[in-house]
Amino acid sequence: MLDLKWIRENPDALDAALARRKAAPVSAAILDLDKKNRATVTELQSLQGRRNEVSKQIGGVKAKGGDAAPLMAEVAAIKDKMAALEAEGTKLGEEVRQILLTLPNVLQADVPDGADESGNVEVRKWGTPKTLDFAPKDHADLGTALGFMDFNQAAVISGSRFVVLKGALARLERAIAQLMLDTHTEQNGYTEVNPPLLVKDEALLGTGQLPKFADDLFHTTAGHWLIPTAEVSLTNLVAERIVEASELPMRLTAFTPCFRSEAGAAGKDTKGMIRQHQFEKVELVSIVTPEESAAELERMTACAAGILEKLNLPYRVMALCAGDIGFGAQKTYDIEVWLPAQNTYREISSCSNTGEFQARRMNARYRPPGETKGTRFVHTLNGSGLAVGRTLVAVLENYQQADGSIVVPDALRPYMGGLTLIKK
RNA sequence: GGACAGAUGGCCGAGUGGCUUAAGGCGCUGGUUUGCUAAACCAGUGUAUUGGGAAACCGAUACCGAGGGUUCGAAUCCCUCUCUGUCCGCCA
């Protein structure tokens with residue numbers, strides 16, 4: 001959520017920021033509502049002041065046994081006016097809030113311009129794709145042929161965009177998650193968390209999925225939402241809290257299933273495990289001071305990329321352009337891993353700095369040391385470290401042999417009971 | 001799911017209709033004293049909105065879990081809800 005005061009002082013900057021995301025200007029509409037709201041509030045407050053004053057006088061008059069009727073008549077008249085103003089003020093304030101909740105974050109100045117994915121800029125590249133002396137198969141064909149990946153029976157059980165992993169591939173997925181968690185907790189300073197997967201409206205409002213993106217989420221009959229990413233649960237760990245400066249930076253990681261309706265993705269990535277309703281992900285979340293957030297984004301991206309380096313999987317880091325960047329982010333790096341069967345790089349992680357955007361929505365603050373009064377909003381960052389399902393895809397495709405067997409990457413062997421080759 | 005008890009500032013905690021401008025304590029900040037530290041003492045210290053001011057600042061309003069209601073006036077009385085604790089039931 002953006003700061004209303006900032007909008008008041010910088011309406012043109014808001015509209016310019018929206019234009020970068022190809023969104024229509026709204027500052028005039030907000031400022032108009034805000035102006036009416038403030039006039040209403042001012043009038044209401046002066047009436048409340050008068051009411052309080054007269055009520056006190058009534059107390060005094062009655063205590064002395066005098067006649068308070070004229071004073072009481074005045075208060076009655078004030079109350080009539082107040083009711084109308086209060087309703088008006090509530091309505092206007094809510095209208096302003098609803099608009100604010102739907103405004104995307106303001107992009108950082110160094111975010112490249114661009115309308116869509118094609119405008120993203122490569123920041124760096126690591127590793128060299130192996131040249132295979134045979135035609136690479138995609139992960140779905142490999143896994144199915146091995147007998148450890150079953151899309152057909154998954155469809156019987158759950159419909160499209162689900163998969164059943166069995167045997168060595170089920171274990172491989174677990175091994176990948178283990179490697180990620182161990183690396184982030186033992187080497188990168190993150191604290192492992194096992195958070196709720198079902199959350200309330202407020203949690204999703206806080207991270208920004210609601211109110212705009214309800215269609216992308218699953219909702220239960222009891223009123224809960226299934227998390228589309230552990231970012232929701234982890235970031236809300238500081239919701240409605242004032243954290244001590246000594247607790248920052250707070251680095252959290254979680255291995256969880258994620259649930260997405262993929263409502264707008266009909267026809268996209270229909271084959272294989274790339275886009276599923278349910279997938280596993282190791283998430284990274286950092287809660288930091290405003291001064292630290294820019295450097296933390298670089299650090300987090302490096303932590304995520306480090307997993308691919310351990311697995312010796314070629315990747316590139318892309319700075320997302322204005323048209324491709326998510327709703328709540330100020331700046332985002334995507335990490336894309338090399339997939340031989342698609343002969344291209346595909347997203348496997350997305351690391352974003354949201355600045356105070358989420359913190360403002362969830363009222364997450366900290367007390368800066370040395371300042372006796374006042375609190376400041378924390379900055380929040382999130383990133384995949386990494387998408388486990390897609391990492392499995394990358395391992396299968398990059399480590400495949402001509403006979404369809406899969407060499408287990410060195411880094412995963414300790415987690416696979418020493419297994420070195422996955423074959424039928 | 002049932003019964004009972006709770007929810008007050010950063011934290012603890014008092015407060016049963018107007019002397020509340022939310023007592024007191026802890027913490028924090030500044031000061032005094034002082035070889036240093038500590039202690040003691042003094043002072044200050046919530047959030048949001050809004051008005052005035054160039055600013056330091058000054059004023060107003062709201063906020064005692066949330067939302068309604070009663071009343072001239074509500075932290076305090078009433079209703080609904082949420083959450084927490086204890087016990088019971090059910091349960092992986």
Side-chain angles (χ1 to χ4, degrees), chain A residues 1-9 30-101 194-206 210 220-225 233 236-248 250 257 287 289 356 359-378:
Chain A
M1 190 155 66
L2 302 178
D3 183 3
L4 184 57
K5 263 188 217 152
W6 177 82
I7 294 174
R8 220 177 267 156
E9 286 157 16
I30 292 181
L31 259 39
D32 180 53
L33 283 170
D34 178 49
K35 197 174 158 192
K36 285 182 193 157
N37 185 33
R38 288 156 76 194
T40 307
V41 166
T42 305
E43 196 182 343
L44 178 64
Q45 287 184 353
S46 79
L47 284 175
Q48 284 169 328
R50 179 63 190 158
R51 179 201 60 188
N52 292 346
E53 196 182 326
V54 175
S55 289
K56 251 180 202 160
Q57 289 173 15
I58 290 171
V61 169
K62 282 196 165 179
K64 286 176 194 155
D67 177 16
L71 291 170
M72 287 170 77
E74 183 183 348
V75 171
I78 290 173
K79 278 178 75 180
D80 287 344
K81 274 196 229 168
M82 273 174 50
L85 282 170
E86 214 168 342
E88 180 69 5
T90 304
K91 186 178 137 250
L92 289 166
E94 189 51 31
E95 279 178 45
V96 171
R97 189 180 123 81
Q98 284 308 320
I99 295 175
L100 287 178
L101 282 175
N194 193 345
L197 309 180
L198 296 172
V199 299
K200 300 195 288 185
D201 296 15
E202 287 82 355
L204 288 154
L205 275 169
L210 290 180
T220 72
T221 52
H224 287 107
W225 302 86
S233 309
N236 275 285
L237 248 26
V238 293
E240 302 295 340
R241 279 186 59 200
I242 299 174
V243 301
E244 295 303 324
S246 58
E247 294 179 73
L248 303 178
M250 196 184 289
I287 312 294
T289 64
E356 63 173 37
R360 191 179 281 281
R361 286 172 164 247
M362 61 178 71
N363 200 24
R365 295 157 293 160
Y366 79 107
R367 201 174 290 285
E371 290 178 30
T372 50
K373 54 174 153 183
T375 54
R376 292 165 74 193
F377 290 114
V378 296

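Below, all heavy atoms of this structure are taken into account, side chains as well, without hydrogens, waters or symmetry copies. Nothing here was measured: the structure is a model prediction, and the numbers come from that model.
Using Watson-Crick or G-U wobble geometry with both donor-acceptor distances under 3.5 Å, C36(B) finds no partner in any strand shown. Using Watson-Crick or G-U wobble geometry with both donor-acceptor distances under 3.5 Å, A54(B) finds no partner in any strand shown. Of the nucleotides present, A60(B) is the one that pairs with U49(B) by Watson-Crick or G-U wobble criteria, both distances under 3.5 Å. Both distances falling under 3.5 Å, in either a Watson-Crick or a G-U wobble arrangement, occur for no nucleotide opposite G89(B). Taking a pair to require two hydrogen-bonding distances under 3.5 Å in either a Watson-Crick or a G-U wobble arrangement, G18(B) pairs with C72(B). Across the strands present, G65(B) finds its partner in C81(B); the criterion is a Watson-Crick or G-U wobble pair with both atom distances under 3.5 angstrom.
A gap of 31 Å separates the P atoms of C28(B) and U84(B), to the nearest Å. Taking the P atoms as reference points, U8(B) lies 16 Å from G67(B), given to the whole Å. For the C1' atoms, the distance linking U82(B) with G13(B) amounts to 24 Å, nearest Å.
Asn52(A) has no side-chain polar atom (N or O) that falls below the 4.0 Å cut-off from OP1 or OP2 of C72(B). Taking only side-chain nitrogens and oxygens, Lys79(A) comes nearer than 4.0 Å to OP1 or OP2 of G73(B). The shortest distance between the side-chain N/O atoms of Arg97(A) and the OP1/OP2 oxygens of U49(B) is not below 4.0 Å. Applying the 4.0 Å criterion to OP1 and OP2 of U50(B), one finds that Arg8(A) has a side-chain N or O inside that range.
Between Lys35(A) and Leu31(A), every side-chain heavy-atom pair lies at or beyond the 4.5 Å cut-off. Counting only heavy atoms from C-beta outward, the side chains of Ile99(A) and Leu33(A) approach each other to under 4.5 Å.
Closest approach to the Lys5(A) side chain among U21(B), A62(B), U49(B) is made by U49(B) (side chain taken as heavy atoms from C-beta onward). Minimum atom distance to the side chain of Ile242(A) is reached by G10(B), of the listed C72(B), U49(B), G10(B).
One finds a salt bridge joining Arg241(A) and Glu247(A) here, because a Lys/Arg side-chain nitrogen approaches an Asp/Glu carboxylate oxygen to under 4.0 Å. Checked for salt-bridge contact, Arg376(A) and Glu356(A) miss the test: no charged N lies under 4.0 Å from a carboxylate O. Under a 4.0 Å N-O distance rule, the pair Arg50(A)/Glu53(A) qualifies as a salt bridge.
Here the P atom of nucleotide U71(B) and the CD1 atom of Ile78(A) are 17 Å apart, to the nearest Å.
Residues from residues 30-46 of chain A that place a heavy atom under 4.0 Å from any atom of RNA chain B, listed by number: Arg38(A), Val41(A), Thr42(A), Gln45(A).
The nearest heavy atom of RNA chain B to Ser55(A) and to Val75(A) marks one nucleotide each, and the one closer to the 5' end goes with Ser55(A).
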